[in-house]
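Just so it is clear, the values below take in all heavy atoms, side chains as well, and ignore hydrogens, waters and symmetry mates. Every number for a ligand or one of its atoms is a count from 1 in the order of the listing.
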Amino acid sequence: GGSGATQSDLQKARMRLSLQEHLLDFYQNNVNIPTEEQAVARRAALDICAELRVFLHAKLPDMPLREMYLSGSLYDELQVVTADHAQLMVPLILEKNLWSSIPGEDTIMNVPGFWLIRRENLEYFPRNSSYWDRCMVGGYLSPKSVLEVFDKLVAGSINWPAIGSVLDYIIRPVVPSETLTLEVQYDTERRLYVDFLPLLVMEDGTSLIAKPHRLVAERHENLWRQSFRVAETARLRALDQEDGGCRCACLKLAKAMCKLNPALNRLNASQLTNCILLLCEKEGDWTKDALADRFLQLLRALVGHLEAGRLPCALSPKVNLFCELTEQEVDELGYTLYCALSDPAGLLRT
Ligand code: GDP
């Protein structure tokens, strides 16, 4: 103290200031989506959702579903760059006495964050006592088989060209598709991708989605993925609301960075959100002026987690959010981000 700022301190301060300006600029011009564009995309998704509800009620009145609803970043003000995707959540109703859930860590696969849904009481309630028995594989409810049921319906028996012409969209199922996805062209240049996401909500509120484990091995096929999205997004938002913080802005900048750089495509919103939530446990200053500092810190934290090969979920630390990345992907992501530490603005060009 007392000797004043050194040359290098000044230089660092200048760099931070320019990164701060660069981030704000990038946010305005590339990250943020115009309100009008978001509204049109939401409208298109809602129209499709309404059509599907009518169709399913008419065609399969006895399929035990709760009302479908739309969700995702488009509905949380967290979508970035272009308003181009949403999820259509399809909650299945399971009979409590016929199905039980087994956490992944208690199975031979030993994967926290994934679950098996086992059929119970087959001796008293034989096959077909439950509607969803048709999706039972080896005694377990198969998310793959559930997706196939919807795939047959949505891709096979709905007349999308006819519906599309009524709604003035071009609608087509995306093939091939890991999850079941509809492409909706609602303008000559604008497309919206709507993912069908079958979902189970357990008694304690745990949500499981029919989104397969990425490193598909046969024995992983029956695993349901636990979703933390609602809780982790709510926590991030609540923290920002308490102190007028920039956590959501920081998340959106990071999401845009990953969306616009092919080398970072593998990082998803959940990983970035949780990395920020973990950072929040150590770092209190999320004022707007600290945006550049926090953004750099986020990059550094990601590099650290990648080096360790492990990113614990902030809401359930036993879950490793990097568990579906291959070693090579981890290395490549780590390398790209490590190089970016000396020139973070380089990743924020379009
Ligand atoms: P973005 O797609 O990067 O903008 O991120 P979102 O926050 O919208 O997350 C969407 C992704 O999370 C999709 O890949 C979904 O399959 C997955 N996901 C997991 N759980 C949920 C959930 O509860 N709701 C939605 N909408 N998506 C979920």
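Looking at K259 against ligand 1, nothing comes within 4.0 Å, counting heavy atoms. Of the heavy atoms in L74, none comes closer than 4.0 Å to ligand 1. Heavy atoms of N268 found under 4.0 angstrom from ligand 1: none, in either backbone or side chain. At a 4.0 Å heavy-atom cut-off, ligand 1 does not touch R225 at all.
Of the listed residues (A83, A86, S227, A210), the one carrying the non-hydrogen atom nearest atom 23 (O) of ligand 1 is S227.
Distances shorter than 4.0 angstrom occur between a heavy atom of I209 and an atom of ligand 1.
The aromatic rings of Y186 and Y169 lie perpendicular to each other, with more than 60° between the two planes, well past the 30° mark.
Using a 4.0 Å cut-off between charged side-chain N and carboxylate O, E324 and R225 make a salt bridge. The pair R119-D133 meets the salt-bridge criterion, with a side-chain N (NZ, NE, NH1 or NH2) lying under 4.0 Å from an Asp/Glu carboxylate O.
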Next on the checklist: The test is side-chain hydrogen bond (donor to acceptor under 3.5 Å, both in side chains); show your working for S207 and Q226 and say whether it passes.
Outcome noted: CA-CA 6 Å; S207 297; Q226 184 166 356; over 6 Å; no
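Rounding to the nearest 0.5 Å gives a distance of 9.0 Å between CG of L302 and CG of L333.
Checked against I117 for a side chain to side chain contact (heavy atoms under 4.5 Å, CB included), the options L141, N222, L223 give a single hit: L141.
Between S73 and ligand 1, at least one N/O pair is under 3.5 Å apart.
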